[in-house]
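It should be emphasised that the depicted structure is a prediction, and the values quoted were computed from it without experimental measurement.
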Amino acid sequence: MPRPYSMDLRERAVAAYKRGGRTLEEVAAEFSVSEKTLAHWLKLEAETGSLKPRPRGGGHFSPIQGEVLETLQHQVRMRPDATVQEHFEALVARTQVHTSRSAVMRALRRQGLGLKKSHS
């Protein structure tokens with residue numbers, strides 16, 4: 001996700017529109033932002049009294065934490081030769097966690113654990 005526009009740009013664009021005499025489209029074009037962005041800044045200032053960007057969302061968090069992670073680590077210690085797919089299937093069967101094979105791989109990487117890549 002791109003970084004928020006600078007406060008300086010926000011303030012100059014909103015001030016230019018508020019001076020009047022020009023349309024939203026003209027001011028947006030002058031500052032190289034979309035009309036929707038400028039309209040959002042105007043609404044943000046009206047609602048909050050500030051042009052400061054709102055906090056960003058929290059994103060997605062892995063369900064492989066705590067006891068589920070401990071279960072995965074135990075599996076790897078017991079069967080270090082198992083593939084990621086095998087660990088994924090065993091983890092879902094044991095913990096009923098809703099996750100994916102790639103999430104298991106990322107969890108293993110975060111723990112510094114490497115696994116073989118195929119059944120061979």
Side-chain angles (χ1 to χ4, degrees):
M1 185 174 230
R3 293 177 48 161
Y5 286 103
S6 71
M7 285 298 294
D8 177 58
L9 176 64
R10 291 167 179 252
E11 290 166 355
R12 288 185 296 124
V14 167
Y17 179 75
K18 284 183 172 182
R19 279 194 293 272
R22 296 187 315 174
T23 66
L24 194 71
E25 182 180 8
E26 292 170 338
V27 174
E30 177 186 343
F31 289 94
S32 299
V33 298
S34 71
E35 293 172 52
K36 186 174 181 177
T37 297
L38 182 54
H40 170 75
W41 292 342
L42 292 164
K43 181 180 176 188
L44 179 66
E45 185 180 46
E47 290 175 356
T48 67
S50 171
L51 290 170
K52 183 178 178 183
R54 291 188 171 121
R56 295 181 123 176
H60 300 282
F61 296 98
S62 175
I64 305 174
Q65 299 178 26
E67 292 180 25
V68 176
L69 180 59
E70 289 173 15
T71 301
L72 179 60
Q73 291 169 332
H74 178 73
Q75 282 179 201
V76 173
R77 282 193 300 273
M78 299 309 290
R79 290 201 51 218
D81 61 333
T83 64
V84 174
Q85 182 67 34
E86 292 167 337
H87 282 300
F88 162 68
E89 291 169 1
L91 184 67
V92 170
R94 285 189 178 101
T95 63
Q96 307 303 309
V97 69
H98 296 288
T99 190
S100 65
R101 189 189 77 70
S102 57
V104 170
M105 186 69 225
R106 288 189 299 271
L108 291 169
R109 283 190 190 138
R110 283 193 302 271
Q111 298 301 307
L113 302 170
L115 296 175
K116 63 191 260 181
K117 296 180 181 167
S118 69
H119 288 284
S120 57

Is there a side-chain contact between Val97 and Thr71, using heavy atoms and a 4.5 Å cut-off?
-> no
Supply the atom-to-atom distance Glu30 CD to Arg12 CZ, rounded to the nearest 0.5 angstrom.
-> 8.5 Å
Among all residues two or more places apart in sequence or in another chain, which pass the side chain to side chain contact (heavy atoms under 4.5 Å, CB included) test with Ser50?
-> Thr48, Lys52
Can Arg94 and His74 be said to form a side-chain contact (heavy atoms from CB on, under 4.5 Å), step by step?
-> CA-CA 12 Å; Arg94 285 189 178 101; His74 178 73; over 6 Å; no
Is there a side-chain contact between Leu24 and Leu42 (heavy atoms, below 4.5 Å)?
-> yes
Are side-chain heavy atoms of Gln111 and Leu69 found at a separation under 4.5 Å?
-> yes
Any Ser100 side-chain heavy atom under 4.5 Å of Met105 side chain = no
Step through the shown structure and confirm whether more than 12 heavy atoms of other residues, nucleotides or ligands are within 6.0 Å of CD on Glu25.
-> no
What are the two closest heavy atoms between Ala13 and Trp41, and how far apart are they?
-> CB-CZ3, 3.9 Å
Between atom OG1 of Thr99 and atom CD1 of Ile64, what is the distance when rounded to the nearest 0.5 Å?
-> 4.0 Å
Closest non-hydrogen contact found for Pro53 with Pro4 is CG-CB, 3.9 Å
Can you measure from CD (Glu45) to CZ (Arg10) and round to the nearest 0.5 angstrom?
-> 11.0 Å
CD (Glu86) and CD (Glu89) are apart, to the nearest 0.5 Å, by 7.5 Å
Judged by atom type as modelled, is there a donor-acceptor pair below 3.5 Å linking the side chain of His87 to the main-chain atoms of Arg79?
-> yes
Gap between atom CD of Glu26 and atom CD of Glu35 - 0.5 Å precision | 10.0 Å
Between Leu9 and Leu44, is there a shared hydrophobic cluster once you connect ILVMFWY residues whose side-chain heavy atoms come closer than 4.5 Å?
-> no
Using a 4.5 Å cut-off on heavy atoms from C-beta on, say whether the side chain of Val33 contacts that of Tyr5.
-> yes
Any chance CD of Glu67 has more than 12 other-residue heavy atoms, nucleotides or ligands included, within less than 6.0 Å?
-> no
Give a yes or no answer on whether the side chain of Glu11 reaches the backbone of Leu51 with a donor-acceptor pair at less than 3.5 Å.
-> no
From Arg101 CZ over to Thr83 OG1, what is the distance, rounded to the nearest 0.5 angstrom?
-> 8.5 Å
